[in-house]
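Just below is one structure, and these are the notes that go with it.
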Amino acid sequence: MSTAPPPPTTLVLGATGFLGRWLVLELLARGEPTAAAFRPGTARDRELRHWLRAHGADDHPLTTVAADLTRPGLGLTPEDDACLAEVRDVHNLAAVFRFGLDRATAHAANVDGALNALHWAAGRPRLRRLVHASGYRVGRHAAPRHPLPPAEADTLYARLGAYEASKQLGDAAVRVTAGRLGVPLTTVNPSSVIGHSITGESGQYLGLAGLVRQLHSGRLPLLPGTARTFVPVVAIDHLARFLAAVPEHDTGPAHAHTVLDPATPPLPEMITLLADHLGVRAPRGRVPVGIVRRLPRTLTGADPETLTFLSEDRYDTTSADHLAQAAGLHHPPVAEVLRHWATRLVADNFGAATPS
């Protein structure tokens with residue numbers, strides 16, 4: 001007869017998503033009794049356990065609960081809420097990540113959902129830390145304001161699109177509210193997350209992967225941006241180890257870490273590296289992002305929301321570097337990771353060969 005799993009000490013919200021499942025895998029490898037939350041009415045429990053076992057995990061210390069971040073209290077049943085009584089670390093990796101979202105859907109998940117997770121964590125008697133995943137472009141804003149006046153929020157949504165605007169508003173809402181409630185908070189701002197450093201496995205085919213798909217199919221004759229355009233990357237296994245290490249290394253009320261591999265080459269060099277690896281022609285020239293933005297999408301193949309990521313900006317990783325050093329973490333060689341990732345993207349037909 002199987003025994004019940006031990007009471008979980010960590011809760012991962014968004015556990016069946018791209019980041020979430022790799023974090024759960026890392027936590028179980030560390031022997032951490034973990035609870036994984038997923039949307040009610042889905043078969044995600046069985047799918048997650050199958051994936052974890054396929055990756056060598058012992059899923060006995062795993063508890064699964066159904067949670068709805070769009071509802072106060074996460075929509076947990078009294079029984080599920082009670083089984084989380086020992087939770088001290090909460091990782092909120094839940095978000096709707098899609099370009100072309102409508103504003104209501106994005107706001108409900110990425111702003112209201114983030115606040116619901118925060119309020120639930122604030123009620124945990126043993127809470128050590130809430131870890132909130134944001135984004136490296138979001139993390140540039142050092143003085144968050146919440147709530148924004150409606151006119152400013154409207155402008156933000158119009159300028160950035162629903163996904164990026166909702167992530168910025170959610171980040172500000174969590175940081176301001178956590179300070180008011182006294183919740184120990186770490187926001188982790190990862191760059192574009194690519195595949196596993198050894199296998200190349202990813203499971204996410206948006207963002208930079210879309211550019212690689214265009215490259216592979218010969219539909220990238222010109223590269224948007226300049227010679228200095230910088231789209232930093234981080235390997236998924238490095239990010240999972242970093243997230244798992246945060247609660248044991250961060251103390252005090254608030255921290256924010258931008259996690260990216262500083263050795264990431266500028267975008268034109270990265271695309272040339274990938275083209276050489278895939279045996280395809282690299283783009284023959286570059287076109288300013290401003291021009292791409294004004295051209296019809298049917299001509300460019302570029303989603304307008306992705307263009308805000310094509311920037312020459314650089315990012316301060318000092319705090320993340322210090323934590324990684326304390327935790328004994330090192331970025332794997334970025335060129336090697338990029339090659340493994342590109343190989344796997346092609347093998348998976350950019351998601352078409354991978355079960356959803």
Side-chain angles (χ1 to χ4, degrees), residues 99 134-142 156 159-161 163-165 167-168 171 188-195 197 204 206-216 218-236 238-239 256-278 280-295 297 299-321 324 330-342 345:
F99 297 122
S134 195
Y136 74 108
R137 298 287 291 169
V138 172
R140 296 170 302 151
H141 302 277
L156 194 67
R159 180 168 59 87
L160 298 178
Y163 169 71
E164 186 69 6
K167 288 298 290 182
Q168 287 202 13
D171 179 84
V188 175
N189 305 306
S191 65
S192 296
V193 185
I194 60 172
S197 60
Q204 180 166 276
L206 297 174
L208 191 57
L211 202 61
V212 180
R213 182 173 189 167
Q214 287 182 288
L215 174 70
H216 182 254
R219 293 185 290 110
L220 192 65
L222 297 173
L223 185 64
T226 72
R228 284 178 46 81
T229 296
F230 184 56
V231 181
V233 299
V234 61
I236 182 59
H238 177 87
L239 179 58
H257 305 298
T258 297
V259 185
L260 57 86
D261 189 335
T264 305
L267 184 62
E269 294 179 26
M270 181 196 302
I271 294 299
T272 297
L273 180 156
L274 293 172
D276 290 346
H277 175 67
L278 295 173
V280 298
R281 178 181 290 183
R284 294 183 293 276
R286 292 185 287 273
V287 58
V289 171
I291 292 179
V292 178
R293 190 173 282 114
R294 291 193 292 270
L295 293 173
R297 181 176 175 181
L299 179 64
T300 65
D303 190 304
E305 290 186 54
T306 66
L307 299 178
T308 61
F309 293 88
L310 300 180
S311 165
E312 295 183 359
D313 293 344
R314 297 302 189 266
Y315 308 90
D316 184 0
T317 63
T318 303
S319 64
D321 295 341
H330 306 279
H331 288 282
V334 66
E336 185 176 327
V337 178
L338 285 164
R339 293 187 186 100
H340 290 322
W341 175 58
L345 286 175

Study note, to complete from the structure: Between P266 and A227 the two heavy atoms that sit nearest each other are CB-O, 3.5 Å
Review point. Looking at V259 and V188, what are the two nearest heavy atoms and their distance?
Key: CG2-CG1, 3.8 Å
**Study point:** Candidate pair L211 and V231, rule side-chain contact (heavy atoms from CB on, under 4.5 Å), full reasoning
**Key:** CA-CA 11 Å; L211 202 61; V231 181; over 6 Å; no
Study note, to complete from the structure: Separation between CG (D313) and CZ (R228), nearest 0.5 Å, reads 9.5 Å
Review point. Quick one: does L208's side chain get under 4.5 Å of W341's, heavy atoms only?
Key: yes
Practice item. Of all the heavy-atom pairs spanning A235 and P332, show the shortest one and how long it is. Key: CB-CG, 4.0 Å
Review point. Atom CG in L215, atom CG in L223: separation rounded to 0.5 Å?
Key: 9.0 Å
Exercise for review: Start with the C-alpha gap between L273 and R339, add the side-chain angles, then the distance that decides, and say whether side-chain contact (heavy atoms from CB on, under 4.5 Å) holds.
Suggested key: CA-CA 8 Å; L273 180 156; R339 293 187 186 100; 4.0 Å; yes
Check your understanding: Donor-acceptor pair, R314 side chain versus E312 backbone, under 3.5 Å?
Key -> yes
Point to revise | Side-chain heavy atoms of S197 within contact of H238, under 4.5 Å | key: no
**Study point:** Any side-chain heavy-atom pair of L220 and V280 under 4.5 Å
**Key:** no
Review point. Taking side chain as C-beta onward, heavy atoms only, is D261 less than 4.5 Å from V337?
Key: no
Practice item. Answer yes or no: is there a donor N or O on one side and an acceptor on the other, between the side chain of H331 and the main chain of L260, under 3.5 Å? Key: yes
Practice item. Give a yes or no answer on whether the side chain of T258 reaches the backbone of A320 with a donor-acceptor pair at less than 3.5 Å. Key: no
**Study point:** D321 and H257: CA distance, side-chain angles, deciding distance, side-chain contact (heavy atoms from CB on, under 4.5 Å) verdict
**Key:** CA-CA 9 Å; D321 295 341; H257 305 298; over 6 Å; no
Check your understanding: How long is the span from the CG atom in L278 to the CD1 atom in I271, to the nearest 0.5 Å?
Key -> 9.5 Å
Point to revise | Contact check, side chains of V233 and M270, non-hydrogen atoms, under 4.5 Å | key: yes
Practice item. Would you give the length of the straight line joining atom CD of Q168 to atom CZ of R137, rounded to the nearest 0.5 angstrom? Key: 8.5 Å
Check your understanding: Going by heavy atoms in the side chains, are L222 and P283 under 4.5 Å from each other?
Key -> no
Review point. Roughly how far, to the nearest 0.5 Å, is CG of D316 from CG of N189?
Key: 11.0 Å
Check your understanding: Any side-chain heavy atom of I194 within less than 4.5 Å of one from H340?
Key -> no
Check your understanding: Counting distance only, does the side-chain N/O of T229 pair as donor-acceptor with the main-chain N or O of L310 below 3.5 Å?
Key -> no
